[in-house]
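Notes follow once the structure below has been shown.
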Amino acid sequence: MKAVIFDLDGVITDTAEHHYLAWKHTAEQIGIEIDRSFNERLKGIDRERSLDTILIHGGAAGTYREAEKQEIMRRKNQYYQKLIQTLTPHDLLPGIAGLFAELKKENVSIALASSSRNAPAILQRLGLIDEFHAVVDPAALAHG
Ligand code: GL1
């Protein structure tokens with residue numbers, strides 16, 4: 001094996017939960033309720049598509065102009081960033097530290113392919129950034 005490509009949220013650390021709490025909080029502010037079962041549909045989905053999925057769910061598709069949607073996403077991200085401020089290298093999901101050590105020992109390259117624009121900051125917080133040979137920037141992809 002030459003390389004392993006990881007997802008981040010809910011794979012390396014449980015930031016899927018923080019994203020859920022931030023989307024739930026933000027959706028409530030615009031009068032839309034989401035629960036954990038609906039949240040399954042948001043996993044792995046980038047910021048814009050997540051908001052569109054929530055607006056459709058709340059019967060609010062087409063209600064907001066682009067600038068308003070940008071503001072809603074800004075608020076979600078601000079809330080999310082507050083939630084992840086407490087992340088430390090202790091917050092790796094079980095088995096990840098051991099797996100990374102094993103891959104390193106076997107000289108297998110490690111890469112990240114996450115839809116999250118916060119991914120590099122999270123890898124920093126987890127103390128893992130130097131373990132990665134490549135981190136895909138979702139903003140640079142036409143068809144993420
Ligand atoms: C985006 C979404 C999150 C989540 C991640 C992918 O992250 O907002 O809810 O689906 O993509 O795991 P971000 O806002 O950090 O770019």
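Ligands are counted one by one from 1 in listed order, and the atoms in each one are counted from 1 as well.
Near Arg117, meaning under 4.0 Å from one of its heavy atoms, ligand 1 places the atoms 13 (P), 15 (O), 16 (O). Shown in contact with Trp23 at under 4.0 Å from a heavy atom are these atoms of ligand 1, numbered in order with element: 3 (C), 8 (O), 9 (O). Counting atoms of ligand 1 from 1 in the listed order, those under 4.0 Å from a heavy atom of Leu42 are 10 (O). Heavy-atom contacts of Asp9 reach the following atoms of ligand 1: 5 (C), 6 (C), 12 (O) (cutoff under 4.0 Å).
In this structure, Lys76 counts as a contact residue of ligand 1, since one of its heavy atoms falls inside 4.0 Å of the ligand.
Panel note: side chain Ser50, backbone Ile45; a donor-acceptor pair is recorded below 3.5 Å. Judged by distance alone, with hydrogens and angles left aside, the side-chain atoms of Glu131 form no donor-acceptor pair with the main-chain N or O of Leu128 at under 3.5 Å. The closest donor-acceptor contact from the side chain of Asp46 to the backbone of Arg49 lies under 3.5 Å.
Within a 6.0 Å radius of CD1 in Ile5, no more than 12 heavy atoms belonging to other residues, nucleotides or ligands are found.
A salt bridge is defined here as a Lys NZ or Arg NE, NH1 or NH2 lying under 4.0 Å from an Asp or Glu carboxylate O, and Arg36 with Glu17 meets this definition.
Here's the thing with Lys43: none of its N/O atoms is less than 3.5 angstrom from an N/O atom of ligand 1. Residue Asp46 places no N or O, backbone or side chain, under 3.5 Å from any N or O of ligand 1. Ligand 1 has no nitrogen or oxygen under 3.5 angstrom from a nitrogen or oxygen of Tyr80. Among the atoms of Ser116, some N or O lies under 3.5 angstrom from an N or O of ligand 1.
Of the protein's non-hydrogen atoms, the one nearest atom 14 (O) of ligand 1 is Arg47 NE, 2.7 Å.
A parallel orientation is assigned to the rings of Tyr80 and His19, their planes being inclined by less than 30° (bins at 30° and 60°). The aromatic rings of His25 and Tyr79 lie parallel to each other, their planes meeting at an angle below 30°, with 60° marking the opposite boundary.
Contacts between His19 and ligand 1 below 4.0 angstrom, taking non-hydrogen atoms only, involve the side chain exclusively.
In the candidate list Thr15, Asn77, Ile45, Ile45 is nearest to atom 4 (C) of ligand 1, counting heavy atoms.
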Could you go through Arg125 and Asp91, starting from their C-alpha distance and side-chain angles, then the distance that decides it, and tell me whether this counts as salt bridge (Lys or Arg N to Asp or Glu O under 4.0 Å)? CA-CA 9 Å; Arg125 286 203 157 277; Asp91 292 306; over 6 Å; no
